[in-house]
2 protein chains.
Amino acid sequence: MKLRNGLGVMSTSRTGTASAPVRIQVSRTGRPALGARMKAKSLLPSQILPPRELPLDQVIVGDCVAAIEALPPGSVDLVFADPPYNLQLGGDLRRPDDSLVDAVDDDWDKFASFADYDAFTRAWLTACRRALKPDGALWVIGSYHNIFRVGSILQDLGFWMLNDIVWRKANPMPNFRGRRFTNAHETLIWAARGEASKYTFHYEALKGGNDDLQMRSDWYLPLCTGDERLKDEKGAKVHPTQKPESLLARVLLSASNPGDVVLDPFFGTGTTGAVAKALGRHFIGVEREEVYAKAARERIAAVQPLPPEAFATAPSKRSEPRVPFLSLVEAGLVKAGETVFDEKRRHSATIRADGTLVLGPAVGSIHKVGALAQGLPACNGWTFWHVEREGKAMLLDVLRGEIRTQMAAA
Amino acid sequence: MKLRNGLGVMSTSRTGTASAPVRIQVSRTGRPALGARMKAKSLLPSQILPPRELPLDQVIVGDCVAAIEALPPGSVDLVFADPPYNLQLGGDLRRPDDSLVDAVDDDWDKFASFADYDAFTRAWLTACRRALKPDGALWVIGSYHNIFRVGSILQDLGFWMLNDIVWRKANPMPNFRGRRFTNAHETLIWAARGEASKYTFHYEALKGGNDDLQMRSDWYLPLCTGDERLKDEKGAKVHPTQKPESLLARVLLSASNPGDVVLDPFFGTGTTGAVAKALGRHFIGVEREEVYAKAARERIAAVQPLPPEAFATAPSKRSEPRVPFLSLVEAGLVKAGETVFDEKRRHSATIRADGTLVLGPAVGSIHKVGALAQGLPACNGWTFWHVEREGKAMLLDVLRGEIRTQMAAA
DNA sequence: CTTAGTTGTGAATCCGGCT
DNA sequence: AAGCCGGATTCACAACTAA
């Protein structure tokens with residue numbers, strides 16, 4: 001029993017009726033049916049009748065290029081694609097506690113070269129572009145391993161980029177060896193089928209769900225964990241890269257209408273389908289692995305559609321912004337080279353350009369150096385160190401308050 | 001008079017002595033000078049002597065590809081590039097009040113096609129790669145208009161991507177038409193010259209300035225505005241896309257050492273040079289437009305370098321001298337025959353006179369025996385084993401610190 | 001029942017000097 | 001040049017256990 005998911009939907013059961021595997025059966029007339037050529041925007045959802053030959057709300061097991069080429073051209077409103085990232089991982093990676101990181105080492109993520117990956121990318125993007133309605137649009141998600149290839153090819157094929165969106169992960173995996181910045185985000189590209197496409201964008205809906213501020217291109221959302229994450233009978237994750245439903249909800253709410261047909265060429269365990277069903281959109285999922293497709297069908301069967309009025313807002317986690325001391329240096333509120341001191345001026349240290357402090361031979365955070373100065377195991381540097389302002393001592397915490405006010409907009 | 005900048009540096013004047021335009025004059029022997037081949041890491045900044053033929057701390061006016069090809073190969077530690085964005089703006093963009101948005105429409109930002117832009121990108125990236133030292137690295141900043149082209153070509157040329165970084169703008173320009181998400185970020189790519197490059201990364205410094213949490217790939221920084229933004233006599237901005245100094249400061253602090261040579265092929269109004277000078281790095285700037293170069297020279301002349309202690313590379317654990325455990329025995333800090341134990345006193349072993357440990361039948365280094373005791377493949381003995389001192393457990397790492405202090409004093 | 005402490009884990013291109 | 005081996009390295013959450 002699933003208690004909640006990224007949409008706040010109560011799903012009462014995981015063991016819904018699983019439909020049989022669906023092999024694609026569509027006409028190959030080359031012309032989209034009437035419904036596919038209608039402009040969804042001008043119709044009420046109840047009037048939208050997708051073409052009969054579309055395999056709606058089903059999971060097609062097989063190669064995505066072949067399956068999508070079998071769809072009528074111009075029949076799909078939106079594509080959401082989460083293709084293999086081509087991670088190119090070397091040996092295994094261990095956490096500092098020596099536990100092994102469960103890496104994505106599946107065969108479907110292996111490509112011999114960039115050229116191979118590019119050919120693969122060009123093939124599925126071309127197929128998707130053919131399947132899209134003239135006013136349709138496409139979303140792709142990726143990481144720095146692949147997203148630049150995808151973005152370039154997409155432009156080459158004539159897609160028109162509308163935004164790149166950054167999914168800032170609330171709880172990313174840290175960089176265990178301290179050799180790089182924490183890889184804390186993934187990138188989504190939102191592109192219209194072409195420059196002239198009258199793409200769908202629900203500006204007001206998203207603005208309303210964002211404290212009446214325009215929705216920005218950086219989205220802060222948690223990973224897919226907990227009850228939302230599909231597990232097998234042994235408790236292992238079914239799919240290594242299951243995306244959070246909150247992410248898909250934002251995509252579908254902003255860039256599709258109820259009744260629209262959403263195609264996902266890399267359906268996996270069906271997050272796109274689950275969210276589409278909840279939000280009153282149709283989906284077509286293509287997935288190569290029967291194991292994932294089966295899990296997706298069972299999952300989607302258990303989803304209860306939401307009433308339309310609930311479609312307007314997507315829940316998003318908001319957190320009190322943490323202010324690094326470095327931000328005070330960058331904002332000019334304190335200066336590199338300046339001296340900080342404690343209340344009774346018994347200790348002092350110098351601010352460095354990187355937001356650390358120096359005290360004699362020691363360099364460290366305001367907290368570490370504060371602890372060192374007092375010979376204590378720990379110290380809150382914000383409430384220990386002061387700077388001189390107009391002849392008086394001003395606590396760093398006060399300056400942090402000023403920054404918080406400035407940052408509140410985001 | 002400039003009051004503050006992203007580094008918190010007081011710059012007293014804009015009207016410093018502007019050096020004459022510098023046309024490049026370097027030897028073309030094809031071999032970097034001695035200084036260029038030395039490994040900066042093992043030297044103090046004062047010992048680093050960049051090759052004489054490098055046009056250091058100067059602005060070269062001219063085409064960046066030709067200018068960079070004239071540099072000795074393998075002579076540059078870091079590249080920071082802010083290339084033209086290839087913005088494809090249709091007509092004029094107007095705000096809701098009908099005022100005209102001062103968009104990027106200069107001639108240098110027009111490219112006939114993606115192919116032209118790709119060729120241009122390949123040319124300057126190739127030149128930069130040749131100029132870089134084997135262990136050098138490159139940063140590029142861009143938006144969704146160009147960054148996917150740049151990223152793909154960079155990978156094709158053999159650069160090894162380390163991170164993509166998202167600069168989240170604190171105060172982005174709103175999307176006036178409400179047809180897209182507010183474009184609130186730009187993307188930076190950090191890439192090593194090659195997969196095997198031993199790139200520079202000051203992990204501890206960044207972590208120390210960030211509340212002792214490792215720095216993530218999403219950076220929240222304000223735009224370049226106010227006093228930092230260069231204006232001409234009529235109050236108009238000198239350069240359309242001047243980057244904030246705080247952004248460059250993070251890049252240079254994290255990925256370069258004091259004394260390093262930083263090349264900027266699209267110098268503009270010299271943010272890279274200003275920050276490099278403040279932080280004790282050398283710069284080589286190439287700029288095609290004399291008007292930008294002039295503004296950059298004047299700006300940089302007015303920059304006061306920070307005191308060295310404000311930017312000197314902080315000692316990291318990795319760079320500290322190695323201390324053999326035997327030295328602790330020899331110094332009498334631990335005694336042969338003494339017992340060592342882990343934090344929870346679940347394991348113990350005995351110190352031998354040769355600096356090894358005994359645990360039952362096994363003999364080996366503090367690391368090997370620590371690993372054996374826990375049944376793990378590896379273990380850091382310094383942070384695992386303790387000895388009893390004044391009734392309390394004392395970590396071997398603390399005793400190692402005492403040895404290092406003694407060594408530094410001697 | 002609450003709370004505090006422990007354990008597990010997530011799309012990751014994750015070491016470097018010396019012999 | 002390849003191999004050895006010393007030893008440096010993690011954040012946010014959720015779930016579970018213990019008191």
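Just so it is clear: chains get the letters A, B, ... in the order the sequence lines come, proteins before strands, and each one is counted from 1.
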A.B. asks: For a quick check of understanding: with a heavy-atom distance under 4.0 Å over all strands, which category does A:G91 fall into, base, sugar-phosphate or nothing?
C.D. replies: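 Base contact.
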A.B. asks: Quick one: side chains of residues 154-164 of chain B, donor-acceptor pairs under 3.5 Å with protein atoms, not counting sequence neighbours, listed by atom name and distance.
C.D. replies:
{"residue": "B:Q155", "atom": "OE1", "partner": "A:R149", "partner atom": "NH1", "Å": "3.1"}
{"residue": "B:D156", "atom": "OD1", "partner": "A:R149", "partner atom": "NH1", "Å": "3.1"}
{"residue": "B:D156", "atom": "OD1", "partner": "A:R149", "partner atom": "NH2", "Å": "2.7"}
{"residue": "B:N163", "atom": "OD1", "partner": "A:F181", "partner atom": "N", "Å": "2.9"}
{"residue": "B:N163", "atom": "ND2", "partner": "A:F181", "partner atom": "O", "Å": "3.2"}
{"residue": "B:D164", "atom": "OD1", "partner": "A:H185", "partner atom": "NE2", "Å": "3.4"}
{"residue": "B:D164", "atom": "OD2", "partner": "A:H185", "partner atom": "NE2", "Å": "3.0"}

A.B. asks: 5'-most contact on DNA chain C: B:M161 or A:G235, nearest heavy atom basis?
C.D. replies: A:G235
A.B. asks: For B:Y144 and B:I147, which heavy atoms make the closest approach, and how far apart are they?
C.D. replies: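 Looks like CA-CG2, 4.2 Å.
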A.B. asks: Both distances under 3.5 Å, Watson-Crick or G-U wobble: report the partner of D:dC5, or none.
C.D. replies: C:dG16
A.B. asks: Do you see a donor-acceptor pair shorter than 3.5 Å between the side chains of B:H367 and B:S365?
C.D. replies: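 Result is no, nothing qualifies.
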A.B. asks: So what does B:E195 hit on the nucleic acid, given a heavy-atom distance under 4.0 Å: a base, only sugar-phosphate, or nothing?
C.D. replies: nothing
A.B. asks: Without decimals, in angstroms, what is the distance between B:Y199 OH and C:dG16 C1'?
C.D. replies: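 My rounded result for the distance is 12 Å.
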A.B. asks: A:G226 near the nucleic acid: base, sugar-phosphate alone, or nothing, with a heavy-atom cut-off under 4.0 Å?
C.D. replies: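 If one applies the 4.0 Å heavy-atom cut-off, A:G226 turns out to touch the sugar-phosphate alone, with no base involved.
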A.B. asks: Atom CZ of A:R94 and atom C1' of C:dC15: how far apart are they, to the nearest Å?
C.D. replies: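 Spelled out: CZ on A:R94 to C1' on C:dC15 is 15 Å.
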A.B. asks: Base, sugar-phosphate, or nothing: which does B:S365 touch, judged by heavy atoms less than 4.0 Å apart?
C.D. replies: sugar-phosphate
A.B. asks: Report yes or no: is there a donor-acceptor pair, N or O only, under 3.5 Å between the side chain of A:R95 and the base of C:dG10?
C.D. replies: yes
A.B. asks: Heavy atoms under 4.0 Å, any strand shown: does A:N183 hit a base, just sugar-phosphate, or nothing?
C.D. replies: sugar-phosphate
A.B. asks: Which one is paired to D:dC13, where only Watson-Crick or G-U wobble pairs with both distances under 3.5 angstrom count?
C.D. replies: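 Across all strands, the one nucleotide that pairs with D:dC13 is C:dG8.
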A.B. asks: With nearest nucleotides of DNA chain C determined for A:D97 and A:N86 from heavy-atom distances, which residue corresponds to the more 5′ nucleotide?
C.D. replies: A:D97
A.B. asks: So B:L213, base contact, sugar-phosphate only, or nothing? Heavy-atom distance under 4.0 Å.
C.D. replies: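 Sugar-phosphate: the residue B:L213, judged by heavy atoms under 4.0 Å, touches backbone atoms but no base.
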A.B. asks: Is it the case that A:R250 places NZ or CZ above or below the six-membered ring of A:W219, under 6.0 angstrom from the centre and within 45 degrees of the axis?
C.D. replies: yes
A.B. asks: What pair of heavy atoms forms the shortest contact from A:K243 to A:D82, and how long is it?
C.D. replies: NZ-OD2, 3.0 Å
A.B. asks: Heavy atoms only, 4.0 Å cut-off, all strands: where does B:R400 land among base, sugar-phosphate and nothing?
C.D. replies: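 B:R400: backbone/sugar contact only, no base atoms under 4.0 Å.
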A.B. asks: Between B:R318 (CZ) and D:dG7 (C1'), how many Å, whole number?
C.D. replies: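 About 10 Å, once rounded to whole Å.
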A.B. asks: Taking atom CG of B:D354 as the centre, report whether more than 12 heavy atoms of other residues, nucleotides or ligands fall under 6.0 Å from it.
C.D. replies: yes
A.B. asks: Remember a base hit wins even if backbone is also touched, and classify B:K207 as base, sugar-phosphate or nothing at under 4.0 Å, heavy atoms.
C.D. replies: sugar-phosphate
A.B. asks: So which of residues 106-120 of chain A are in contact with DNA chain C, with a heavy-atom cut-off of under 4.0 Å?
C.D. replies: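 Under 4.0 Å from DNA chain C: A:W108, A:D109.
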A.B. asks: Return yes if a side-chain donor-acceptor contact under 3.5 Å exists between B:S217 and A:R180, otherwise no.
C.D. replies: no
A.B. asks: Tell which nucleotide pairs with D:dA19, taking only Watson-Crick or G-U wobble pairs whose two distances are both under 3.5 angstrom.
C.D. replies: C:dT2
A.B. asks: Under 4.0 Å, counting only non-hydrogen atoms across every strand here, what does A:S143 touch: a base, just sugar-phosphate, or nothing?
C.D. replies: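 Since no nucleic acid heavy atom lies under 4.0 Å of A:S143, the category is nothing.
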